Asker: 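This structure is in structure tokens; I'll ask about it shortly.
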Amino acid sequence: DLGIKTLATLSTGKFFQNAKYLRQSLTELARLQRQLQRKEKGSKNRLKAKNKLQKMYARIAFLRKDLLHKITTYICKNHATIVLEDLNVSGMLSNGNLALSISDCGLYEFRRQIEYKAKKFSCELIFADRWYPSSKLCSTCGHKHDKLTLKDRVFVCPSCGFTFDRDLNAALNLAKL
């Protein structure tokens with residue numbers, strides 16, 4: 001199961017936290033952008049400020065890519081079958097409240113790396129349907145909890161009373177799929 005709070009949740013119970021490199025660097029980026037804005041156009045100092053800003057963005061991208069490479073390599077090396085959600089990342093980015101957090105995760109890059117590493121390590125890769133309710137299904141009885149919202153982080157089944165972490169419940173449902 002992929003998410004914002006935890007980048008990836010495996011059905012074995014292992015969680016991979018999202019490092020949120022962009023969110024951590026927002027104040028530094030804002031400072032560098034202000035410095036760039038105050039420089040005179042065409043000057044050497046503006047070029048230096050622009051290079052500093054570009055290095056900061058590149059560092060964030062490299063850190064995110066490194067984390068994704070480590071996680072996807074671990075998953076592909078240690079699991080023969082991988083089930084991923086087919087997420088509409090571009091549609092999720094249109095939500096203004098979550099766009100920064102979603103782009104900070106690098107969900108599409110995660111999928112791209114899993115796809116080519118699954119071939120490399122000869123893993124079976126299965127994509128769950130985009131509309132499959134993995135978070136809303138109870139992993140023990142199969143009851144669908146329609147009133148579950150994004151802010152509910154703990155899944156409580158109204159049918160059997162099963163209580164579990166929402167992401168881990170979704171990972172178990174994807175494993176059953």
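What you see is a predicted model; the values in this text were computed from it and never measured. Computed over heavy atoms, backbone and side chain alike; hydrogens, waters and symmetry mates excluded.
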Asker: Between Asp167 and Arg153, does at least one N-O distance fall below 4.0 Å, as a salt bridge requires?
Answerer: yes
Asker: Have Gln33 and Gln37 got a donor and an acceptor in their side chains that come within less than 3.5 Å?
Answerer: no
Asker: How long is the span from the OG atom in Ser25 to the CE atom in Met56, to the nearest 0.5 Å?
Answerer: 4.0 Å
Asker: Starting from the C-alpha separation in whole Å, work towards a yes-or-no answer on side-chain contact (heavy atoms from CB on, under 4.5 Å) for Leu22 and Leu29.
Answerer: CA-CA 9 Å; Leu22 181 62; Leu29 284 171; 3.8 Å; yes
Asker: Mind listing the closest non-hydrogen atom pair of Asn169 and Cys138 along with its distance?
Answerer: OD1-C, 4.1 Å
Asker: Please list all pairs meeting ring-ring contact (aromatic ring centres under 6.0 Å, His included) that have one or both residues in residues 41-87, counting only residues at least two apart or in different chains.
Answerer: Phe16-Tyr74
Asker: When rounded to the nearest 0.5 angstrom, what distance separates CG in Leu63 from CD1 in Ile60?
Answerer: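 That separation rounds to 8.0 Å.
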Asker: Flag yes if Leu26 and Leu67 sit in one hydrophobic cluster, no otherwise; membership is Ile, Leu, Val, Met, Phe, Trp, Tyr, and two members link when side-chain heavy atoms are under 4.5 Å apart.
Answerer: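 Leu26 and Leu67: one cluster.
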Asker: Are the side chains of Phe162 and Cys141 in touch, meaning some heavy atoms are under 4.5 Å apart?
Answerer: no
Asker: Enumerate the residue pairs fulfilling ring-ring contact (aromatic ring centres under 6.0 Å, His included) with a member in residues 80-129, sequence neighbours excluded, ordered by first and then second residue.
Answerer: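 Sorted pair list comes back empty.
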Asker: Does the Asp1 side chain pair with the main chain of Ala170, one donor and one acceptor, at a distance under 3.5 Å?
Answerer: no
Asker: Examine Leu87 and Leu150 and state if one hydrophobic cluster contains both, with Ile, Leu, Val, Met, Phe, Trp and Tyr joined whenever side-chain heavy atoms are less than 4.5 Å apart.
Answerer: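 As far as the 4.5 Å side-chain criterion goes, Leu150 and Leu87 are connected within one cluster.
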Asker: Between Asn88 and Arg130, is the side-chain contact (heavy atoms from CB on, under 4.5 Å) condition met? List the steps.
Answerer: CA-CA 7 Å; Asn88 181 13; Arg130 185 171 287 178; 3.6 Å; yes
Asker: With distance as the sole test, does Asp152 use its side chain to make a donor-acceptor pair with the main-chain N or O of Thr149 at under 3.5 Å?
Answerer: yes
Asker: Is any side-chain heavy atom of Leu7 closer than 4.5 Å to a side-chain heavy atom of Leu107?
Answerer: yes
Asker: Do you reckon Leu168 sits in the same ILVMFWY cluster as Leu137, going by side-chain contacts under 4.5 Å, direct or chained?
Answerer: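 Different clusters.
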Asker: May I ask you to test the Ser103-Leu93 pair for a side-chain heavy-atom distance under 4.5 Å?
Answerer: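 Result yes, sub-4.5 Å side-chain heavy-atom pair found.
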Asker: Counting only heavy atoms not in Arg59, do more than 12 sit closer than 6.0 Å to its CZ atom?
Answerer: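 At most 12 heavy atoms, drawn from other residues, nucleotides or ligands, come within 6.0 Å of this atom.
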Asker: Please name the residue in the list Lys20, Arg23, Arg64 that meets the side chain to side chain donor-acceptor pair (under 3.5 Å) test with Asp104.
Answerer: Arg64
Asker: For the residue pair Asn18 and Thr6, establish whether any side-chain heavy-atom pair is separated by less than 4.5 Å.
Answerer: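 No. Closest side-chain heavy atoms not under 4.5 Å.
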Asker: Does Arg111 form a salt bridge (Lys or Arg N to Asp or Glu O under 4.0 Å) with Glu115? I'd like the steps, not just the answer.
Answerer: CA-CA 6 Å; Arg111 177 186 171 145; Glu115 283 178 354; 3.0 Å; yes
Asker: Mind listing the closest non-hydrogen atom pair of Ser135 and Leu148 along with its distance?
Answerer: O-CD2, 3.3 Å
Asker: Under 4.5 Å between any side-chain heavy atoms of Thr163 and Val154, yes or no?
Answerer: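 Answer yes - side chains close enough.
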Asker: To the nearest 0.5 angstrom, please state how far the NZ atom of Lys144 sits from the NZ atom of Lys136.
Answerer: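 Between Lys144 NZ and Lys136 NZ, I get 6.5 Å after rounding to 0.5 Å.
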Asker: What is the distance from atom CG of Leu2 to atom SG of Cys105, rounded to the nearest 0.5 Å?
Answerer: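 With rounding to 0.5 Å, CG (Leu2) is 9.0 Å from SG (Cys105).
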Asker: Between Thr73, Thr72, Asp66, which is the residue that forms a side chain to side chain donor-acceptor pair (under 3.5 Å) with Lys70?
Answerer: Asp66
Asker: If I take atom CG from residue Leu84 and atom CG from residue Leu125, how far apart are they, to the nearest 0.5 angstrom?
Answerer: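 Separation between the atoms: 5.5 Å.
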Asker: Indicate, with yes or no, if Leu68 and Ile82 share a hydrophobic cluster defined by side-chain heavy-atom contacts under 4.5 Å among Ile, Leu, Val, Met, Phe, Trp and Tyr.
Answerer: yes
Asker: Hey, does Lys39 have a side-chain heavy atom less than 4.5 Å from the side chain of Lys48?
Answerer: no
Asker: Between Ile114 and Met92, is there shared hydrophobic-cluster membership here, with clusters defined by ILVMFWY side-chain heavy atoms closer than 4.5 Å?
Answerer: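 Yes, Ile114 and Met92 fall within the same hydrophobic cluster.
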Asker: Would you check if Asp129 and Asp86 make a side-chain contact, meaning some heavy-atom pair closer than 4.5 Å?
Answerer: no
Asker: Decide side-chain contact (heavy atoms from CB on, under 4.5 Å) for Glu40 and Arg46; before the verdict, give the C-alpha distance in whole Å, the side-chain angles of both, and the deciding distance to 0.1 Å.
Answerer: CA-CA 6 Å; Glu40 187 178 326; Arg46 183 178 174 88; over 6 Å; no
Asker: Arg34: which residues meet the side chain to side chain contact (heavy atoms under 4.5 Å, CB included) condition with it, sequence neighbours left out?
Answerer: Ala30, Arg31, Arg38
Asker: If you compare all heavy atoms of Leu32 against all heavy atoms of Lys52, which two are closest, and at what distance to 0.1 Å?
Answerer: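 Closest approach of Leu32 to Lys52: CD1-O, 4.0 Å.
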Asker: CZ of Arg166 to OG1 of Thr9: how many Å apart, nearest 0.5 Å?
Answerer: 11.5 Å
Asker: Of all heavy-atom pairs between Ser101 and Ile4, which one has the smallest distance, and what is that distance?
Answerer: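 For Ser101 and Ile4, the tightest heavy-atom pair comes out as CB-CG2, 3.6 Å.
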Asker: Show the nearest heavy-atom pair for residues Ser134 and Asn173, with the distance to one decimal.
Answerer: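 Answer, listing the atom of Ser134 first, then Asn173: O-ND2, 2.8 Å.
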Asker: Could you tell me whether a side-chain N or O of Glu124 sits under 3.5 Å from a main-chain N or O of Ala118, the two making a donor and an acceptor?
Answerer: no
Asker: Where do Cys160 and Thr140 come nearest, in terms of heavy atoms and distance?
Answerer: SG-OG1, 3.5 Å
Asker: Applying side-chain contact (heavy atoms from CB on, under 4.5 Å) to Leu100 and Ile102, what does each step give before you reach the verdict?
Answerer: CA-CA 6 Å; Leu100 181 69; Ile102 292 169; over 6 Å; no
Asker: With heavy-atom distances below 4.5 Å as the criterion, would you say the side chains of Tyr132 and Glu85 are in contact?
Answerer: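 The answer is no; the side chains never approach within 4.5 Å.
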